[in-house]
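Here is the structure we will look at, set down as structure tokens.
Note that this is a predicted model, so its numbers are computed, not measured.
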Amino acid sequence: MPIYEYCCPKCSNKFEMLRTLSQANDNASCPKCHSTSRRIFSRFASFAKDSSGASVPVAGTGSSCSGCSSSSCSSCH
């Protein structure tokens with residue numbers, strides 16, 4: 001069973017749930033405030049090896065854009 005990520009619109013709690021594929025698009029109850037929460041896009045990191053054999057990031061390094069270190073664009077100006 002895959003793990004899906006959710007974000008509560010009421011309290012902004014992000015949480016994960018182990019669910020069947022048939023439940024992939026179902027809403028989930030927030031474990032903190034019990035509000036209905038929708039599934040969010042899951043981020044991941046990907047690495048490759050360069051010519052010297054060292055691991056280098058390919059995607060999902062945690063930064064929202066190349067100009068800042070924030071993990072969310074909502075904090076950018």
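Apart from Y4 itself, the hydrophobic cluster it occupies contains Y6, F15, M17, L21, where clustering links Ile, Leu, Val, Met, Phe, Trp and Tyr at side-chain heavy-atom distances under 4.5 Å.
The minimum heavy-atom distance linking P9 with T36 is given by the pair CD-O, 3.4 Å.
One distance of note links CD1 of I3 with CD of E16; it measures 5.5 Å at 0.5 Å rounding. Distance check: C7 SG to R38 CZ gives 12.0 Å after rounding to the nearest 0.5 Å.
A donor-acceptor pair under 3.5 Å is formed between the side chain of R39 and the backbone N or O of A24. Although no hydrogens or angles enter the test, the distance criterion places no donor-acceptor pair under 3.5 Å between the side chain of R19 and the main chain of N25.
Scanning for side chain to side chain donor-acceptor pair (under 3.5 Å) contacts around S42 gives E5, with sequence neighbours left out. For S51, the side chain to side chain donor-acceptor pair (under 3.5 Å) criterion is met by no residue, not counting sequence neighbours.
The shortest side-chain heavy-atom distance between K49 and V56 does not fall under the 4.5 Å cut-off. A 4.5 Å side-chain heavy-atom check between S29 and S37 finds every atom pair outside the cut-off.
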S35 vs C11, side chain to side chain contact (heavy atoms under 4.5 Å, CB included): CA-CA, chis, key distance, verdict: CA-CA 8 Å; S35 292; C11 71; over 6 Å; no
